[in-house]
Amino acid sequence: MAGSEPVTAPDQHKPGHRRSGRIGAVLSAAVLVLMALCGNHEGNVENIWLFGLAALLLAIVIGDAVLRRNGLRS
């Protein structure tokens, strides 16, 4: 019986909203960049964290898109 059915993980059966997740991540990254540019802080440590977190969010979104395009992720 297992030979005729496709093998899937339980995670693949959960409903999800990929597009809204991507949009949310990009908007969050944009807000982080705006906070870094328009903030009232004097040091650069805050800027490093804000830009770093924004870059991490964008890297995750881009990595997910690349993996999905190559068929490595469903």
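Every value quoted in this text rests on a predicted model; they were computed, and no experiment measured them. Below, all heavy atoms of this structure are taken into account, side chains as well, without hydrogens, waters or symmetry copies.
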Spacing of CE belonging to M35 relative to CD belonging to E46, to within rounding of 0.5 Å: 10.0 Å
Gap separating the CG atom of L32 from the CG atom of L27, nearest 0.5 angstrom: 11.0 Å
Closest approach of S28 to L57 (non-hydrogen atoms, all atoms of both residues): CB-CD1, 3.9 Å
Test item: F51 and L37 side chains (from C-beta on) under 4.5 Å apart, heavy atoms: yes
Residues R22 and D64 bridged, charged N to O under 4.0 Å: yes
ILVMFWY network linking V26 to V31, side-chain heavy atoms under 4.5 angstrom: no
H41 side chain reached by N47 side chain, heavy atoms, under 4.5 Å: yes
Over all atoms of both residues, closest heavy-atom pair of A54 and A29: CB-O, 3.7 Å
Side chain proximity check, V33 to L50, heavy atoms < 4.5 angstrom: no
